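No hydrogens, no waters, no symmetry mates; every other heavy atom, side chains included, goes into these values. Chain naming here is simple, since letters A, B, ... match the order of the sequence lines and numbering starts at 1 in each. All values derive from a computational prediction rather than experimental measurement.
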Amino acid sequence: MKKELFKPQGLIQHTDRRAFLKMGTLSVAGAGLLLMGCKDDEDVMPPVSGGVSLGSGDVGILNYAYALEQLEAAFYAQVMMGSYFANASAEEKTIMGDLEKHERAHREFFKAALGANAIADLEVDFSSIDFSSRNSVLGAAKTFEDLGVAAYNGAGQFLESGDLLLIAGKIVSVEARHAAAIRDLINPNSADFAGDDVIDANGLERTLNFQEVLTAASAYVKTEIDFSQLPS
Amino acid sequence: MNLLKLLDSMCPDTTNSEEKDRFYSRREAFRQFGDMSKKMALAAVPVSLLSALPNVAKADTDSLIGVLNYALTLEHLEYNYYQMGLDSGVIDAAERPIFQKIRDHELAHVNFLTEVISNVLMGTPVAEPSFDFTAGGNFMPFDDYPTFLALAQAFEDTGVRAYKGQAGNVMESDVVLTAALSIHSVEARHASMVRRLRTKKGQDMTKGWITGNDYGTLPAAAAGIYAGEENVSHAGVNVVNLTGIDQDAVSEGWDEPLTMEQTLGIASLFLSS
């Protein structure tokens with residue numbers, strides 16, 4: 001009924017969204033990409049060339065989750081091949097190894113659950129991350145985990161299926177456990193594991209909408225993601 | 001500030017197009033209010049908007065009040081526990097910032113849920129129960145720091161499971177659902193921190209996430225808190241078989257819900273009769 005009653009007013013025009021995503025990329029990636037961005041602007045971009053469309057309804061939400069899990073899984077796989085990991089403490093090796101397995105399991109689960117509706121593999125870009133640097137790796141891990149929690153928390157309300165909502169709930173709390181652990185590695189035994197930057201005065205964790213999440217993610221994803229059909 | 005999905009699920013009880021428009025615009029006002037709510041001071045919440053509430057089925061409102069009162073009971077328990085722990089001096093000085101932060105969140109949850117129940121749903125918040133954190137003299141959490149940490153882990157992991165178990169029961173209201181999810185992940189952050197702290201202090205070998213149904217060095221009475229966490233099948237997909245990833249890691253990757261009955265069974269150990 002919701003679908004019938006509500007026109008999707010939040011639809012983002014393709015061109016606007018591209019510009020917006022590009023801005024998000026620029027602001028994060030800095031001057032090196034600025035030139036590429038400018039050059040890009042002069043090209044005639046074919047629509048969604050090599051891009052993916054998340055689709056609509058619950059399938060669209062699952063693809064949204066799948067995209068984020070692809071990003072996280074690819075990140076931790078790369079972490080484990082870098083020299084930060086090779087020289088990390090036993091505790092941090094265990095954590096990174098666990099997170100790699102959890103995120104890979106999430107990714108493969110969504111791929112299987114989506115079947116023929118699954119989006120293609122995303123092309124990631126971790127060139128802004130220094131995989132030999134503990135600070136760089138943990139900083140990126142914090143970004144990804146916090147982003148994942150905020151994304152699931154924001155998307156839950158759009159799921160029509162209670163079964164899928166429960167599955168999303170099973171995953172989001174694990175992402176929150178990850179986020180707290182990573183934050184504690186960065187600033188041990190402080191209050192940062194559940195910091196005021198992500199939790200408000202009512203004790204509620206922040207939520208982010210599709211556009212906010214995908215804009216942040218676009219700093220690490222080359223593939224263009226069309227989310228215009230997601231529920232609103 | 002709630003009831004958005006309830007409103008969505010209702011049709012205006014009229015064929016008059018003007019009244020329909022009014023109905024939809026009210027609903028939109030609620031929706032936008034939901035988006036804004038986190039930026040607003042709690043005291044400013046919804047009272048002024050309540051007059052715009054159309055007639056919502058009382059049964060649905062009652063159901064939401066029931067779930068939120070259940071959540072409020074758990075938050076009362078957690079808040080009292082941490083406040084008493086901080087007051088008792090049992091917590092190592094270096095770790096007080098952790099528990100002050102957790103206490104602040106639990107108190108905020110108590111206040112938030114009380115506000116939503118009373119001023120949004122126009123219900124009656126449950127009274128704060130009397131607690132016995134010794135569980136009849138079995139535990140001395142305010143004299144013994146490892147016991148304090150062990151019970152804190154038990155409460156946080158229970159809280160995560162409890163909220164998760166209610167998601168489907170509040171999904172008719174976008175705002176209530178989103179608020180519940182936003183509390184749920186905060187509890188999970190607490191749980192991860194307390195679990196890892198216990199391991200850092202040599203009291204357990206637990207990780208921030210739950211491996212199988214392992215309750216580590218918690219008392220055997222805690223087994224019920226972790227029962228079912230070993231599940232590796234979701235939506236009919238056995239993720240171990242699908243991925244070849246080991247059973248432990250797959251079980252860690254998904255947290256499982258508890259029913260209200262299961263949760264209250266656990267919590268009742270700490271209610272004074």
**Prompt:** Using non-hydrogen atoms only, which part of B/E95 is less than 4.5 Å away from chain A: side chain, backbone, both, or neither?
**Reply:** side chain
**Prompt:** A/K170: what forms a salt bridge (charged side-chain N to carboxylate O under 4.0 Å, His left out) with it, not counting sequence neighbours?
**Reply:** B/E256
**Message:** So B/L177 and A/L165, do their side chains get closer than 4.5 Å, heavy atoms only?
**Reply:** yes
**Prompt:** If you look at every heavy atom in B/A188 and A/A176, which pair is closest and at what distance?
**Reply:** CB-CB, 3.7 Å
**Item:** Top contributor to chain A contacts, counting heavy-atom pairs under 4.5 Å, from B/H234, B/R196, B/H105, B/H109
**Value:** B/R196
**Prompt:** Under a 4.5 Å heavy-atom cut-off, does chain A meet the side chain of B/I98, its backbone, both or neither?
**Reply:** both
**Prompt:** chain A: which of B/K200, B/E106, B/R195 shares the most heavy-atom pairs with it under 4.5 Å?
**Reply:** B/K200
**Asked** What part of B/L197 lies closer than 4.5 angstrom to a heavy atom of chain A: side chain, backbone, both or neither?
**Response** side chain
**Item:** B/D248 versus chain A, the contacting section by heavy-atom distance below 4.5 Å
**Value:** neither
**Fill in**
Max heavy-atom pairs within cutoff under 4.5 Å with chain B, candidates A/V172, A/I171, A/D184, goes to A/D184
**Item:** Distance (rounded to the nearest 0.5 Å) between A/I167 CD1 and B/K164 NZ
**Value:** 12.0 Å
**Item:** Shortest non-hydrogen contact between A/T207 and B/S182, atoms and distance
**Value:** CG2-OG, 3.5 Å
**Prompt:** Is B/R189 salt-bridged to A/D146, going by a charged N under 4.0 Å from an acidic O?
**Reply:** yes
**Partner chain A: residue of B/G165, B/G236, B/G253 with the largest heavy-atom pair count (under 4.5 Å)** = B/G253
**Item:** Under 4.5 Å from a heavy atom of chain A, the part of B/R96 involved
**Value:** neither
**Request:** Pick whichever of B/L181, B/D255, B/V250, B/L107 has the most heavy-atom pairs under 4.5 Å with chain A.
**Result:** B/D255
**Fill in**
For residues 78-110 of chain A against chain B, heavy atoms under 4.5 Å, the residues are A/E91, A/T94, A/I95, A/D98, A/L99, A/K101, A/H102, A/R104, A/A105, A/H106, A/E108, A/F109
**Message:** Applying ring-ring contact (aromatic ring centres under 6.0 Å, His included) as the test, list every pair that has at least one member in residues 159-189 of chain B; sequence neighbours left out.
**Reply:** none
**Message:** Minimum heavy-atom separation for B/S185 and A/E205, please, with both atom names.
**Reply:** OG-OE1, 2.7 Å
**Request:** Let me know if B/A167 has heavy atoms under 4.5 Å from chain A in its side chain, its backbone, both or neither.
**Result:** both
**Message:** Looking at chain B, which one of A/A180, A/A181, A/G162 has the largest number of heavy-atom pairs inside 4.5 Å, strictly under?
**Reply:** A/A181
**Check: B/T243 and A/K111 side chains under 4.5 Å, non-hydrogen atoms** = no
**Prompt:** Given a strict heavy-atom distance threshold of 4.5 Å, which part of A/S190 is in contact with chain B: side chain, backbone, both, or neither?
**Reply:** backbone
**Asked** So which of B/L242, B/L113, B/I102, B/V237 has the largest heavy-atom pair count under 4.5 angstrom toward chain A?
**Response** B/L242
**Item:** Note, B/M193 side chain near A/N189 side chain (heavy atom, < 4.5 Å)
**Value:** yes
**Item:** Residues forming a salt bridge (charged side-chain N to carboxylate O under 4.0 Å, His left out) with B/D204, sequence neighbours excluded
**Value:** B/R198
**Request:** State, yes or no, whether a side-chain contact exists between B/K101 and A/D196 at a heavy-atom distance under 4.5 Å.
**Result:** yes
**Request:** Below 4.5 Å from any heavy atom of chain A, which atoms of B/N238 appear? Answer side chain, backbone, both or neither.
**Result:** neither
**Prompt:** Which one, A/A201, A/A155, A/S173, A/A150, leads in non-hydrogen pairs under 4.5 Å with chain B?
**Reply:** A/S173
**Asked** Non-hydrogen atoms of chain B under 4.5 Å away: do they reach the side chain of A/A112, the backbone, both or neither?
**Response** side chain
**Closest-packed option against chain B by number of heavy-atom pairs under 4.5 Å, given A/L164, A/V149, A/I199** = A/I199
**Message:** With heavy-atom distances below 4.5 Å as the criterion, would you say the side chains of A/V198 and B/V186 are in contact?
**Reply:** no
